[in-house]
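Below: one structure, written as structure tokens.
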Amino acid sequence: MASASSEGKRMRKSIESAGKSINAVGTKITASVTAPILGLGVACGKMASDFEDGIAKVSTIADLSVMSLDAIRSSTIDLSNQLGVSASEISEAQYNAISAGAATEKSLDLVSTAIKAAKAGFTDTATAVDGLTTVYNSFQGAVDYSTLSDQMLQTQNYGKTTFGELASSIGQVTPVANSLNVSTDELFSSIAILTKNGINTSSAITGLKAAYSNILKPTADASKTAKQLGIDFSATHLKAVGWAKFMEEIKTKVNGDADAMAKLFGSVEALNSMTVLAGAGLDDFNVCLDQMNTAAGLTQKSYEKMLTPSERWRMSLNKLK
């Protein structure tokens with residue numbers, strides 16, 4: 001009995017010691033394993049919920065007869081994995097694209113272009129979608145989204161502006177530019193030269209709008225001055241010869257006469273812009289226009305340059321999500 005009692009005490013102490021160790025291990029497991037697993041579960045649930053909410057939002061506006069909901073889901077995930085952008089952000093961009101008039105079956109192609117342009121143009125996807133759809137709609141689809149993106153990035157590279165600044169302001173001038181048959185490459189080349197010469201993006205666009213308005217509805221003084229100089233200062237003539245040729249004629253006929261230029265373009269904004277474009281900046285405009293015509297593929301090339309190791313790491317994390 002004494003021997004058994006002694007052995008029992010030894011076993012009890014051993015069990016107590018083991019219990020303390022087991023308890024310590026359990027506490028560490030809870031902190032290091034269980035809690036993160038629970039947190040990951042909550043995070044996964046949140047991401048899944050956000051994704052489904054985004055898809056549901058798209059479904060309210062998409063034409064599901066040409067692209068099923070399952071196809072939208074799988075295509076969204078594929079694009080998310082490919083470009084490293086969250087699925088919920090892609091869904092939001094797709095909703096905005098369709099809302100702006102993009103066909104459902106082509107909307108994710110637009111979103112893909114916008115994401116690449118946003119990364120290369122240092123802006124967000126929503127701004128890129130807004131800018132691209134604004135120009136596309138103003139010109140009634142005469143130029144595709146990919147070409148527009150290339151031209152806007154070329155404007156960023158040649159001038160002193162950014163894709164985001166262009167996208168935010170371009171809608172002020174595109175309707176009137178299209179009404180005068182000013183092409184998108186001529187329009188963006190004009191903005192590039194104006195910003196290059198120190199005029200900020202919004203002021204450059206406002207100045208162009210004012211200049212086009214002066215041509216659409218010339219003042220009596222402008223018409224008189226144009227007649228004296230032998231300039232056909234009319235919207236009809238501009239449409240016939242194009243913006244580049246029209247500016248060349250003004251430069252030749254005005255021949256540096258600041259007073260004559262002021263009479264042709266009465267507003268300060270228009271005068272500032274045309275003094276540059278139909279003056280010292282015309283040769284540079286023609287160089288930019290030539291480069292604009294060879295800018296195809298610039299969005300893809302610029303996007304690939306942004307694929308730094310840190311960006312690739314973020315893309316890998318996005319795939320995990």
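A heavy-atom distance below 4.5 Å is found between the side chains of T76 and F51. Contact of the L282 side chain with the F285 side chain is registered, since non-hydrogen atoms from C-beta on lie closer than 4.5 Å. Annotation: side chain of L277 is in contact with side chain of L208 (closest heavy-atom distance under 4.5 Å). You'll find the side chain of L64 reaches within 4.5 Å of the side chain of I72, heavy atoms only. Looking at L108 and M67, their side chains come closer than 4.5 Å, going by heavy atoms from C-beta outward. Side-chain contact check for Y136 versus L132: every heavy-atom pair is 4.5 Å or farther apart. A 4.5 Å side-chain heavy-atom check between I215 and F265 finds at least one atom pair inside the cut-off. A 4.5 Å side-chain heavy-atom check between T162 and T123 finds every atom pair outside the cut-off.
Every residue two or more places apart in sequence or in another chain that forms a salt bridge (Lys or Arg N to Asp or Glu O under 4.0 Å) with E92 is listed here: K57. Residues satisfying the ring pair (Phe, Tyr, Trp, His ring centres under 6.0 Å) test with Y212, not counting sequence neighbours, are W243. Every residue was checked against the ring pair (Phe, Tyr, Trp, His ring centres under 6.0 Å) condition with F246, not counting sequence neighbours, and none meets it.
At a threshold of 4.0 Å, the pair K224-D221 does not count as salt-bridged, since none of the basic side-chain nitrogens sits closer than that to a carboxylate oxygen. Salt bridge annotation for K251-E248: absent, with no cationic side-chain nitrogen under 4.0 angstrom from a carboxylate oxygen.
Taken from CG in L289 to CG in D284, the straight-line distance is 11.5 Å, to the nearest 0.5 Å. From Q82, atom CD reaches atom CD1 of I90 across 9.0 Å, with rounding to the nearest 0.5 Å. Rounded to the nearest 0.5 Å, atoms CE (M292) and OG1 (T155) are 3.5 Å apart. The NE2 atom of H237 sits 9.0 Å away from atom CD1 of I231, with the distance rounded to the nearest 0.5 Å. Between atom OG of residue S310 and atom CE of residue M315 there is a gap of 11.5 Å, rounded to the nearest 0.5 Å. Atom-to-atom distance recorded for F188:CZ and L148:CG is 6.0 Å, nearest 0.5 angstrom.
Of the possible polar contacts, one joining the S59 side chain to the A56 backbone as a donor-acceptor pair under 3.5 Å is found. Not one N or O on the side chain of Q300 forms a donor-acceptor pair closer than 3.5 Å with the backbone of G297. A donor-acceptor pair under 3.5 Å is absent between the side-chain atoms of S189 and the main chain of E186, judged by distance alone. Side-chain atoms of S302 come within 3.5 Å of backbone atoms of L298 as a donor-acceptor pair (strictly under, hydrogens ignored). A donor-acceptor pair is defined here as one N or O able to donate and one able to accept, closer than 3.5 Å; such a pair exists between the side chain of N137 and the backbone of A100. With hydrogens and angles disregarded, no donor-acceptor distance shorter than 3.5 Å links the side chain of N181 to the backbone of L238. Put simply, the side chain of E165 never gets that close to the backbone of F163: no donor and acceptor are under 3.5 Å apart. Listed for the N197 side chain is a donor-acceptor partner under 3.5 Å among the backbone atoms of I193.
Under the 3.5 Å distance criterion, with hydrogens and angles disregarded, no donor-acceptor pair is assigned to the side chains of S146 and D144. E311 and T308 share no donor-acceptor pair across their side chains, judged by distance under 3.5 Å alone. A donor-acceptor contact closer than 3.5 angstrom links the side chains of T184 and Q151. Between the side chains of S68 and D70, not a single donor N or O lies within less than 3.5 Å of an accepting N or O. Of the N and O atoms on the side chains of S88 and D53, not one donor lies less than 3.5 Å from an acceptor on the other residue. Checked by atom type, the side-chain pair Y145/D109 shows no donor-acceptor distance below 3.5 Å.
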>> Could you walk me through whether I250 and M261 satisfy the side chain to side chain contact (heavy atoms under 4.5 Å, CB included) test, starting with their C-alpha distance in whole Å, then the side-chain angles of each, then the deciding distance to 0.1 Å, before giving a yes or no?
In response: CA-CA 9 Å; I250 291 177; M261 186 70 83; 4.1 Å; yes

>> For a side chain to side chain contact (heavy atoms under 4.5 Å, CB included) check, start with the C-alpha distance between S223 and K227, then their side-chain angles and the critical distance, and finish with the verdict.
In response: CA-CA 6 Å; S223 297; K227 187 175 181 180; over 6 Å; no

>> Assess the residue pair N255 and L229 against the criterion (side chain to side chain contact (heavy atoms under 4.5 Å, CB included)); give the C-alpha distance rounded to whole Å, side-chain angles, the decisive distance to 0.1 Å, and a yes or no.
In response: CA-CA 10 Å; N255 195 29; L229 294 172; over 6 Å; no

>> Determine whether V182 and V173 satisfy the following criterion, side chain to side chain contact (heavy atoms under 4.5 Å, CB included), listing intermediate values before the conclusion.
In response: CA-CA 11 Å; V182 177; V173 72; over 6 Å; no

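Among T161, L153, T127, the single residue meeting the side chain to side chain contact (heavy atoms under 4.5 Å, CB included) criterion with L166 is T161. For the side chain to side chain contact (heavy atoms under 4.5 Å, CB included) with S169, the qualifying choice from N200, I205, T206 is I205, the only one to do so.
The minimum heavy-atom distance between S149 and T299, with the atom names listed, is OG-OG1, 2.7 Å. Of all heavy-atom pairs between D150 and A296, the closest is OD2-CA, 3.5 Å. Shown here for K239 and L180, the closest heavy-atom pair between the two residues is CG-O, 3.5 Å. Closest heavy-atom contact between S107 and T104: OG-O, 2.7 Å. What you find for F233 and A226 is that their closest heavy atoms are CB-CB, 3.5 Å. The two atoms that bring K245 and V241 nearest to each other are CB-O, 3.4 Å, heavy atoms only.
Both V287 and I191 sit in one connected hydrophobic cluster of ILVMFWY residues. Membership requires side-chain heavy atoms under 4.5 Å apart, directly or through other members. Under the 4.5 Å side-chain heavy-atom criterion for grouping Ile, Leu, Val, Met, Phe, Trp and Tyr, I77 is connected to I55 within one hydrophobic cluster. Under the 4.5 Å side-chain heavy-atom criterion for Ile, Leu, Val, Met, Phe, Trp and Tyr, L216 and L264 are members of the same hydrophobic cluster. Note on L79: it does not cluster hydrophobically with L110, by side-chain heavy-atom contacts below 4.5 Å among ILVMFWY residues. Linking Ile, Leu, Val, Met, Phe, Trp and Tyr whenever their side-chain heavy atoms come within less than 4.5 Å leaves V85 and V129 in two separate clusters.
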